Amino acid sequence: MEFNDTTVLITGAGRGIGRALTEEFLRRGVRRVYAGMRAPLPHADPRVVPLALDVTDEEQIRAAAARVDALDVLVNNAGVFEPDDLTGRAALERHLAVNLFGPWAVTGAFEPHLVAAGGTVVTNVSLMALAPLPITPAYSLSKAAALSLTQSQRALLAGRGVRVHAVLTGPTDTDMTRDLPIPKATPESVAAAILDAVERGEEEIFPDPMSHRLESGWRDGVAKVLERQNTAA
């Protein structure tokens with residue numbers, strides 16, 4: 001697909017990859033970006049419409065869906081990343097509320113708009129959906145569930161003309177991961193790679209050097225083969 005003259009909604013648009021995606025969409029000529037944030041911030045470009053959108057707040061999600069009259073692209077980007085050791089239920093529930101039930105609820109609320117437009121859903125999952133990082137297993141668990149959600153939505157929405165993409169992002173230099181002492185990609189490079197891959201129609205997107213090394217193995221790996229088989233059944 002091409003993004004010129006489209007309408008886009010991004011959750012978690014206030015910082016990091018979400019903010020970089022906003023700027024990248026603007027560079028590619030979109031008509032409007034609804035920038036979903038818990039605390040909306042103004043933007044210098046009049047094409048950006050700040051939108052109060054906490055993905056754990058059902059009332060805000062309904063209000064946002066009522067305010068948006070048309071939508072071509074939904075980007076589920078909002079996420080939470082906190083250290084934990086799986087000894088308490090609260091951390092797991094926080095991660096699931098944002099990283100799993102957030103994109104589930106937002107996609108469901110905007111599904112009529114996306115179906116009407118023959119639109120696109122892009123969900124920023126994580127490379128940690130494929131293997132946990134011991135410092136935050138609750139995050140990895142929630143992202144593994146989000147990947148499965150994205151694959152299920154892809155199968156269910158394909159017949160209604162909606163394309164669904166999963167972004168398997170590796171370490172990126174954002175507030176969320178800034179303290180991790182590992183090499184990181186810039187949010188700007190990740191945002192550009194995501195949109196390039198959506199334009200090419202790639203179902204799973206590996207937008208940074210670390211994740212890109214796994215791309216070829218994923219394409220013909222057992223998980224992708226099973227997904228194709230199950231979808232065709």
Side-chain angles (χ1 to χ4, degrees), residues 1-53 55 64-65 67-79 81 102-103 106-107 110 113-114 116-127 150 154 161-178 183-212 215:
M1 70 169 298
E2 294 184 358
F3 298 110
N4 185 55
D5 204 34
T6 57
T7 298
V8 179
L9 187 150
I10 306 170
T11 67
R15 59 181 184 169
I17 295 173
R19 184 163 56 194
L21 282 166
T22 298
E23 300 305 321
E24 187 63 29
F25 274 117
L26 293 174
R27 277 191 287 272
R28 299 192 187 209
V30 296
R31 181 170 63 251
R32 180 173 297 134
V33 177
Y34 289 100
M37 295 172 264
R38 285 181 295 178
L41 298 170
H43 194 283
D45 193 310
R47 291 175 292 169
V48 178
V49 179
L51 195 64
L53 185 53
V55 301
R67 181 177 176 184
V68 175
D69 55 3
L71 187 64
D72 299 292
V73 182
L74 168 64
V75 182
N76 290 307
N77 173 72
F81 176 100
V106 173
T107 302
F110 286 93
H113 294 316
L114 294 163
T120 299
V121 178
V122 181
T123 297
N124 192 4
V125 185
S126 169
L127 209 54
T150 304
R154 178 182 299 143
V162 177
R163 295 167 296 280
V164 179
H165 305 263
V167 184
L168 293 159
T169 315
T172 306
D173 190 15
T174 67
D175 293 344
M176 191 179 289
T177 60
R178 191 147 288 151
K184 306 179 189 76
T186 66
E188 292 76 17
S189 66
V190 168
I194 290 170
L195 299 198
D196 286 346
V198 172
E199 288 180 339
R200 292 192 298 266
E202 296 175 10
E203 292 182 339
E204 280 78 38
I205 297 168
F206 298 81
D208 58 275
M210 180 176 285
S211 66
H212 186 67
E215 183 173 6

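Every heavy atom of this structure was used, including side-chain atoms; hydrogens, water molecules and symmetry mates were not. Here the structure is a predicted model, which is why all the values come from computation and not from measurement.
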Just verifying a value: how many Å separate I194 CD1 and N77 CG, rounded to the nearest 0.5 Å?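 One finds 7.5 Å between CD1 of I194 and CG of N77.
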How far does OH of Y34 sit from CG of L53, to the nearest 0.5 angstrom?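 CG of L53 is found 12.5 Å from OH of Y34.
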Please determine which of [options] meets the side chain to side chain contact (heavy atoms under 4.5 Å, CB included) test together with [X].
X: D72; options: R32, H113, R31; result: R31
X: V198; options: V73, V167, V122; result: V122
X: V125; options: N76, T150, I205; result: T150

E199 to M1 - nearest heavy-atom pair and separation: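 Here E199 and M1 meet closest at CG-O, 3.1 Å.
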Closest non-hydrogen atom pair between P187 and A20, with its separation: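 Nearest heavy atoms, P187 then A20: O-CB, 3.5 Å.
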Give a yes or no on whether H212 atom NE2 has more than 12 heavy-atom contacts from other residues, nucleotides or ligands under 6.0 Å away.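 Atom NE2 in H212 is not packed in, count stays at 12 or less.
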Any donor-acceptor N/O pair, [X] side chain to [Y] backbone, under 3.5 Å:
X: R47; Y: V30; answer: yes
X: T11; Y: A78; answer: yes
X: S126; Y: N124; answer: no
X: R28; Y: E2; answer: no

